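Here is the structure we will look at.
As the structure is a computational prediction, the values presented were derived from the model and not from experiment.
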Amino acid sequence: MKKKVLFLVVALIIVAMFTLAGCSPKNDGVLDSYTIPQFDLDATAMPSDIEDKYKELYGYNVVDDGGSEINYLAHPDAVMLDGENEGKMVIYYSKGHGRGAIGGKVSSDNGKTWEEIKNLPLTWNNSMETPTVYKLRMNRGTANETSKYILISGCPTWGGKYKGNGFNVSLSDDGITGWTEFQNFYGLDLNGKKGENFVASIVAMASLTQLKDENGNWTNSWMGFFHDDNAYNYKSILTFDESGQYMKWSAPEKYFAKYRKIEKKAFMCEVEVVRSEFGEGNELMLLARSNGSNGNKEYNGLMSVSTDEGKTWSEPKQLPAAVNGERYKADYLADGRLFITFRSISKNFNNFDKVDETKGIGNGKWYSEGWVAWVGTYDDLKSGSEGLYRIKLAHTYLENQTKSVLAANGDCGYCGNIVFGDGYKVMTSTYGIFNSNREKTIIASKIVDIKLIDQMYLKLKA
């Protein structure tokens, strides 16, 4: 009898612990499920009676399919060019999962078609990480404003196969040609030894944010974020000499040490930073992937804010299920709303009997809805609101799937996004398997007209 009573007490305690932690196998509301609509823009989801003007929203464009030689392309990033190449878009990506030679494509028609960029630096052939690319606005807000382009590739340990080697950086004046060979920072010395500030960076720089001075004026300095395989998150500040030609990165600093317990348990990583007030304000918000222990993703994505240009951060809190994902990339639309892409992660236990696959990729505790975008406001994120709507951009196929369904292949995301035109059109790009033949991952782009999605939303709500 005593054993039965003891067993009952233990069982009740366990149930209470899971309930309090928001991890019970039921709908926990804001952390597990979302109520805002999701528009599926995969070609297989297009209604047969849809108006012609909406048909352009469905499907995708091929950036690079690897031809007959390459079976895995991944992790693109993108930027809009200016100057002599004004209006052109470039995408850089890895020819392999997170490592491998870096390839590049350029588009002159807003992302519909893409041409290969040739004569890229030789050192890019040995890239050890996913590339990130940014436009640096030098002397921003002055009559002497110019643009410079930067590409960064981290050097992690890769499970012990590599020693790790800081991060590599290239510069270009136009974003297409003239890229410098990789310059290494905070890696191994000439004797293969680790220096005082050595780091083995992963996804460097997941974000690169231009900073302001104490008077609110723009400076020629940028805060870059990355992490290592122990879930330590670092920042390093990029500056240039007076000529603007020679760069310096400050010693990597563990900026989230105050919240180490949360950082470690969540395995916080791949941090995006968004500036308030259409990117002009004085508050910064970080959005972080939460990978969890052994990929179990106990936490949703995390949000934290800073009012002192990234010197200190608020205690992180979990994002709503509507914005739960990995590798956030955020851009403002013309009306001040945010368009944020990510690899969607769902922990909605009510759907587990409806999805095609929850085993393996989700450890039976989560599943991915694939390549998704969220539309809402900065204040939505800050207050924990769900936002306006979600967009499934295209289906990434799991084995035996023949059309777009709830669960998708989570090997996608890491998007390159560009807002163009009237500020409501977005070119977004990612990698993944986009057909039921499941041949290989490719780089794909998609053009999304938010005004058309808004019309669909209003019809749905009417």
Identify the two heavy atoms, one from [X] and one from [Y], that lie closest to each other, and give their separation to 0.1 Å.
X      : Y      : answer
Ser304 : Pro316 : CB-CA, 4.2 Å
Phe339 : Ile450 : CD1-CD1, 3.9 Å
Met427 : Asn110 : CG-O, 4.1 Å
Tyr397 : Thr402 : CE2-C, 3.7 Å
Ile91  : Ala78  : CG1-CB, 3.8 Å
Leu73  : Asp64  : CD1-O, 3.3 Å

### Query
Once the angle between the rings of His97 and His75 is folded into 0 to 90°, is it parallel (under 30°), tilted (30 to 60°) or perpendicular (over 60°)?
perpendicular
### Task
Please work out which of the three classes, parallel, tilted or perpendicular, describes the rings of Tyr60 and Phe434, given edges at 30° and 60°.
tilted
### Query
Using a distance-only test with no angle check, is there a side-chain donor-acceptor pair under 3.5 angstrom linking Asn291 and Lys297?
yes
### Query
For atom NZ of Lys317, is the number of surrounding heavy atoms from other residues, nucleotides or ligands below 6.0 Å larger than 12?
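Above 12, so yes.
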### Query
Should we count NZ of Lys212 as having more than 12 external heavy atoms under 6.0 Å?
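Yes, NZ of Lys212 has more than 12 neighbouring heavy atoms, counting only those of other groups under 6.0 Å.
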Test applied, ring pair (Phe, Tyr, Trp, His ring centres under 6.0 Å); reference residue, [X]; option that passes from [options]:
X      : options                : answer
Trp249 : Phe167, Phe240, Tyr186 : Phe167
Phe225 : Tyr234, Tyr232, Tyr255 : Tyr255
Tyr92  : Tyr414, Trp179, Trp114 : Trp179

Is any side-chain N of the basic residue among [X] and [Y] closer than 4.0 Å to the acidic one's carboxylate O?
X      : Y      : result
Glu309 : Arg275 : yes
Glu69  : Lys95  : no
Asp380 : Arg337 : no

Okay, side chain of [X], backbone of [Y]: is any donor-acceptor separation there less than 3.5 Å?
X      : Y      : answer
Glu270 : Ala206 : no
Glu326 : Gly413 : no
Asp65  : Ile442 : no
Asn296 : Glu298 : no

### Task
Kindly say whether the aromatic ring centers of Tyr34 and Trp374 come within a distance under 6.0 Å.
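Here the rings of Trp374 and Tyr34 have centres that are no less than 6.0 Å from each other.
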### Task
Evaluate side chain to side chain donor-acceptor pair (under 3.5 Å) for Ser383 paired with Ser385, printing each intermediate quantity in order.
CA-CA 6 Å; Ser383 66; Ser385 300; 2.9 Å; yes
### Query
Applying salt bridge (charged side-chain N to carboxylate O under 4.0 Å, His left out), which residue pairs with at least one partner in residues 423-442 are found, sequence neighbours left out?
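Listed once each, the pairs would be none.
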For residues 196-203, please give each side-chain donor-acceptor pair under 3.5 Å, one per line with the distance, not counting sequence neighbours.
unit_1 : atom_1 : unit_2 : atom_2 : d
Ser201 : OG     : Cys155 : N      : 3.4
Ser201 : OG     : Gly166 : O      : 2.7

### Task
Answer whether the closest heavy-atom distance between the side chains of Leu238 and Met247 falls below 4.5 Å.
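Yes - at least one pair of side-chain heavy atoms lies under 4.5 Å apart.
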